[in-house]
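Right, one structure below, let's go through it.
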Number of protein chains: 2
Amino acid sequence: MAPLFHPSRDDITLAGVLSALADPMRLRIVKGLMEQSDCMSCTAAAPCPDIPKSTLSNHFRILREAGLIQTTKKGVEHRNVVREADLNARFPKLLKTILASAE
Amino acid sequence: MAPLFHPSRDDITLAGVLSALADPMRLRIVKGLMEQSDCMSCTAAAPCPDIPKSTLSNHFRILREAGLIQTTKKGVEHRNVVREADLNARFPKLLKTILASAE
DNA sequence: TCAATCGTTCAGAACTAGTGAACTATTGAA
DNA sequence: TTCAATAGTTCACTAGTTCTGAACGATTGA
């Protein structure tokens with residue numbers, strides 16, 4: 001199986017981050033992950049239970065390729081964490097400010 | 001001619017703002033408008049001169065409908081300003097943080 | 001080995017974005 | 001008034017993206 005692609009810190013772009021977070025569902029996923037301060041599987045991090053799997057998988061791919069989350073395969077499930085350190089290094093306060101705007 | 005649509009302050013959504021600014025050209029337009037601290041016509045605010053008019057018009061419409069800019073018709077041209085007060089009231093520091101990330 | 005679980009990939013339908021051509025509105029000049 | 005120039009919009013077409021069901025792949029427990 002092909003390994004999951006993650007951009008390096010320097011390859012994270014502002015446009016990529018903004019367009020990834022411009023989707024309400026993806027924003028909620030990231031918000032949920034931040035609140036957990038722990039890894040979560042894709043289904044556990046889903047904002048509502050009735051989302052088609054393929055749709056969810058697609059959203060996680062977009063978040064991953066934008067550099068917002070780090071996904072590691074752990075057995076049968078995928079563990080996701082927000083790449084806070086990388087994001088803060090690249091775009092200081094951006095993530096926090098966006099999440100604060102999403103009340 | 002139909003008047004230009006602008007959302008009210010409360011109708012400005014985070015998703016709308018983020019997806020409007022997720023486009024590099026629109027981000028540059030907003031950045032340019034902020035630096036001017038004055039109204040600018042659409043063509044004056046264009047980030048580069050060789051953009052097709054229809055494309056530019058489309059970007060301004062998206063910015064306008066997302067609540068990022070206020071457009072008023074002044075003679076033959078359209079004057080644009082960033083709706084800083086509305087945006088800061090709705091999403092404190094968001095605009096400033098995003099623009100600061102766009103260096 | 002079988003079945004269940006978790007997620008990815010594929011393909012098609014529905015939607016969105018970029019752009020040339022045609023159009024509208026305003027202004028200045030003859 | 002009429003003509004031309006200027007600033008944007010709207011339309012229509014193409015190209016690309018998103019959503020989702022169906023089929024597939026990988027891991028684990030029984």
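Side chains are part of it too, since the values below use all heavy atoms of this structure and drop only hydrogens, waters and symmetry mates.
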- Task: Quickly work out the B:L4 CG to C:dT24 C1' distance and round it to whole Å.
- Result: 13 Å
- Has the side chain of A:S57 got a donor or acceptor atom that lies under 3.5 Å from a matching backbone atom of A:K53? no
- Query: Taking B:T55 for the side chain and B:I51 for the main chain, is one N or O donor matched with an acceptor at less than 3.5 Å?
  - Reply: no
- Message: Between A:R64 and C:dG7, is there a contact of a side-chain N or O with OP1 or OP2 at under 4.0 Å?
- Response: no
- Atom NZ of A:K73 and atom P of C:dC6 are separated, to the nearest Å, by 13 Å
- With the threshold set at 4.0 Å, does a side-chain nitrogen-carboxylate oxygen contact exist between B:K31 and B:E103? yes
- Query: Under 4.0 Å between a side-chain N/O of A:H78 and OP1 or OP2 of C:dT8, yes or no?
  - Reply: yes
- Task: Quick one: closest heavy-atom pair of A:A89 and A:P92, and the distance?
- Result: O-CD, 4.4 Å
- Note on the structure: Of all heavy-atom pairs linking A:A66 and A:V17, the shortest is O-CG2, 4.1 Å
- Message: When you measure from the side-chain N and O atoms of B:S57 to the phosphate of D:dG8, is any distance below 4.0 Å, counting only OP1 and OP2?
- Response: no
- Taking only the side-chain heavy atoms of A:K53 (C-beta and beyond), determine which of D:dA23, C:dA22, D:dT27 contains the nearest atom. D:dA23
- Send over the distance from A:E65 CD to C:dT8 C1', rounded to a whole Å. 12 Å
Check nucleotides 27-30 of chain C for protein N or O atoms closer than 3.5 Å to its own N or O atoms and list the pairs.
none

- Query: Strictly by modelled atom types, are A:D11 and A:S8 linked by a side-chain donor-acceptor pair under 3.5 Å?
  - Reply: yes
- Considering all heavy atoms of both residues, which atom of A:L18 and which atom of B:L21 are nearest to each other, and what is their separation? CD1-O, 3.5 Å
- Query: Closest heavy-atom contact between B:R90 and B:I12?
  - Reply: NE-O, 2.8 Å
- Can you name the closest pair of heavy atoms from A:E65 and A:F5 and give their distance? CG-CD2, 4.0 Å
Mind listing the N/O atom pairs, protein and nucleotides 14-19 of chain C, below 3.5 Å?
from, atom 1, to, atom 2, distance (Å)
C:dT19, OP2, B:T55, OG1, 2.9

- Note on the structure: Rounded to whole Å, the CZ-P distance (B:F60 to D:dT9) equals 9 Å
